[in-house]
There are 2 protein chains.
Amino acid sequence: MRESDVRGHLDGLVLAALAVGAAHGYEIIQRIRDRSVGAFDLAEGSVYPVLHRLEASGALTARWEAVNGRRRKVYEITQPGRTQLTSERTRWRDLRTSMDRALGGATA
Amino acid sequence: MRESDVRGHLDGLVLAALAVGAAHGYEIIQRIRDRSVGAFDLAEGSVYPVLHRLEASGALTARWEAVNGRRRKVYEITQPGRTQLTSERTRWRDLRTSMDRALGGATA
DNA sequence: GGGGTATACCTAGACTGTCGAGGTATGAGG
DNA sequence: CCTCATACCTCGACAGTCTAGGTATACCCC
């Protein structure tokens, strides 16, 4: 699986990972890897900019935590973030439907 | 539907459109639009470079035709092209499975 | 106390593929 | 002859992801 296949859907993946509970950056990467059963093993350089963007847009809030002297930035999804997640899911379902049709070959 | 959502899958869409029979560029765009029920209305500037790339790689062959004085470049899928189409379909199915899992929200 | 590994954050620039905008040319219809 | 549809093409812009680099702490083993 090419990692860049998630292009355009990273926001949705991050929001979905946070929908089940707050987490810090490293943990989000692990969650996405686990949820996709290993398929999406994202680079930190891909995820951190997304988190900053989503925080700036108000889809996430963040707070710093110190655990055993290690600092962590814990992200939590907001109500606007949940709304965005819903529309990301819809967008994915629409894409899936159209791709299944256009690609053919019993992919449906 | 954002057109750029097809990023990474344009090759597959073009190959699938040609798998049912030869066609020229303009026609391929129409086929993809029809097959996706209007969802993928691709720009010429997106498709022509793909055709040239696929021709150069041997997935397609092309011949010039003259119909009523208008020239057309008719593309046909090759055996390597069909092999590539099969792997593009597999790649799409894998992505679909992983996205459904990781995105959650009853998308499955 | 030194080295290696895991955790945990960050950024700048490279890269890739699609799109927008522009161009050429023919034929049909008004 | 002007416009519209067909039909081809290319260049540069753009967005989003990745590569590669950086910082820092904690833990374990020697």
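Values below: every heavy atom of this structure, side chains too, minus hydrogens, waters and symmetry copies.
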Write down the distance between CZ (A/Arg70) and C1' (C/dA6), rounded to a whole number of angstrom. 7 Å

Flag the pair A/Glu65 and A/Arg63 as a salt bridge only when some basic side-chain nitrogen lies within less than 4.0 angstrom of an acidic carboxylate oxygen. yes

Quick one: list whatever passes salt bridge (Lys or Arg N to Asp or Glu O under 4.0 Å) with B/Arg31, sequence neighbours left out. B/Glu27

Looking for any heavy atom pair under 4.0 Å, which part of the strands does A/Gly45 touch: base, sugar-phosphate only, or nothing? base

Whole-Å distance separating the CD atom of A/Glu65 from the C1' atom of C/dA8: 13 Å

Checking A/Ser46 side chain against A/Leu42 main chain: does a donor-acceptor pair fall under 3.5 Å? no

Per the under-4.0 Å heavy-atom filter, residues of residues 15-30 of chain B near DNA chain C come out as none

Short side-chain N/O contact to D/dC9 OP1/OP2 from B/Tyr48, under 4.0 Å: no

May I ask you to decide if A/Leu95's main-chain N or O and A/Ser98's side chain share a donor-acceptor pair within less than 3.5 Å? no

N-O pairing of B/Glu88 and B/Arg93 below 4.0 Å: no

Separation of D/dC8 C1' from B/Arg71 CZ (nearest whole Å): 5 Å

Give the rounded distance in Å between these two atoms: CG of A/Leu42 and C1' of C/dC9. 17 Å

Can you tell me how far C1' of D/dA15 sits from CG of A/Asp11, to the nearest Å? 12 Å

Both A/Pro49 and A/Arg72 contact DNA chain C. Which one's nearest nucleotide lies toward the 5' end? A/Arg72

Are any of the side-chain nitrogens in B/Asp5 or A/Arg7 under 4.0 Å away from the carboxylate oxygens of its partner? no

Using a heavy-atom distance cut-off of less than 4.0 Å, which residues of residues 52-61 of chain B contact DNA chain D? B/His52

B/Ser36 (side chain) donor-acceptor with A/Ala102 (main chain) under 3.5 angstrom: no

Taking A/Arg89 for the side chain and B/Leu103 for the main chain, is one N or O donor matched with an acceptor at less than 3.5 Å? yes

Can you tell me the distance, in whole Å, between the CG atom of A/Leu95 and the P atom of C/dT18? 13 Å

Approximate separation, where rounding is to 0.5 Å, of B/Leu18 CG and B/Ile32 CD1: 8.0 Å

Atom-pair distance (CZ on B/Arg63; P on D/dA7), nearest Å: 15 Å

Starting from C1' on D/dT10, measure out to CG on B/Leu51 and report it in whole angstrom. 14 Å

